[in-house]
Amino acid sequence: AQSVTQLDSHVSVSEGTPVLLRCNYSSSYSPSLFWYVQHPNKGLQLLLKYTSAATLVKGINGFEAEFKKSETSFHLTKPSAHMSDAAEYFCVVRINAGGTSYGKLTFGQGTILTVHP
Amino acid sequence: ETGVTQSPTHLIKTRGQQVTLRCSSQSGHNTVSWYQQALGQGPQFIFQYYREEENGRGNFPPRFSGLQFPNYSSELNVNALELDDSALYLCASSLGGLSGEQFFGPGTRLTVL
């Protein structure tokens with residue numbers, strides 16, 4: 001079975017400072033990993049995905065994440081926060097091998113990012 | 001290109017009732033997945049339909065059921081509603097079954113009183 005742990009339920013930063021949202025995963029099979037963002041009253045939007053190619057993944061709106069197999073981590077970063085980044089962020093794992101969980105997206109509990117002026 | 005749409009936006013039911021939620025997939029997509037997102041939680045996978053057949057199911061009881069139609073739109077049905085069924089229900093469409101990238105709709109907020 002696979003699981004995802006987002007290490008912080010809330011992160012607060014000032015506009016213009018770096019963002020770090022932490023995610024650890026557990027998977028018995030080779031995983032794909034994703035970060036989604038959810039703004040209030042809007043659907044989930046894909047920020048970026050790792051699917052066994054380059055370990056440093058660049059996404060939309062200046063976000064990037066690095067897959068570290070040895071640490072089973074997939075932390076999301078952004079060099080400079082913007083007010084519009086305030087939202088809830090979900091780390092997601094999907095396994096890519098056989099078994100009853102094949103293809104199912106497993107979400108973390110979410111991290112709420114607050115950006116102060 | 002039309003994105004994923006869901007109806008209704010909000011719904012209030014009482015315990016024991018039945019509810020049907022609807023989802024129209026993005027143009028060209030043949031797969032629909034349903035998720036339940038309780039307040040303060042991440043979405044949980046309910047099931048997926050691929051070419052009108054159930055193609056994977058999460059840990060939800062049989063009173064959660066679904067359908068997919070020939071145009072690939074989908075319904076989620078929940079019988080014998082319980083208070084804990086109150087949640088945001090998200091639909092996601094994709095192409096090619098379980099491995100396709102999923103695009104999410106805005107969700108239906110269900111409140112059970």
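Sequence lines set the chain letters: A, B, ... in the order given, protein chains first and strands last, and positions in each chain run from 1.
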Do B:Tyr35 and A:Leu44 pass the side-chain contact (heavy atoms from CB on, under 4.5 Å) test, and can you show the C-alpha distance, the side-chain angles, and the key distance before you say yes or no? CA-CA 11 Å; B:Tyr35 295 82; A:Leu44 289 157; over 6 Å; no

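Other residues, nucleotides and ligands place no more than 12 heavy atoms under 6.0 Å from the CG atom of B:Asn59. Open room surrounds CZ on B:Arg51; 12 or fewer heavy atoms of other groups in view lie less than 6.0 Å from it. Heavy-atom neighbours of B:Gln44 CD from other residues, nucleotides or ligands within 6.0 Å: at or below the threshold of 12. Surrounding CG of B:Leu39 are at most 12 heavy atoms belonging to other residues, nucleotides or ligands under 6.0 Å away.
Hydrophobic clustering (side-chain heavy atoms under 4.5 Å, transitive across Ile, Leu, Val, Met, Phe, Trp, Tyr) groups A:Val93 together with A:Leu76.
Looking at A:Tyr36, only its side chain comes within 4.5 Å of chain B, counting heavy atoms on both sides. The part of B:Gln37 that comes within reach of chain A is its side chain, from C-beta onward, which places non-hydrogen atoms under 4.5 angstrom from that chain.
Ranked by non-hydrogen atom pairs under 4.5 Å with chain B, the options A:Glu88, A:Gln6, A:Gln45, A:Gln38 are led by A:Gln38.
In this structure, A:Leu46 CG and B:Phe104 CZ are separated by 9.0 Å, a value rounded to the nearest 0.5 Å.
Side-chain contact between B:Pro43 and A:Phe90 is present, with heavy atoms from C-beta onward closer than 4.5 Å.
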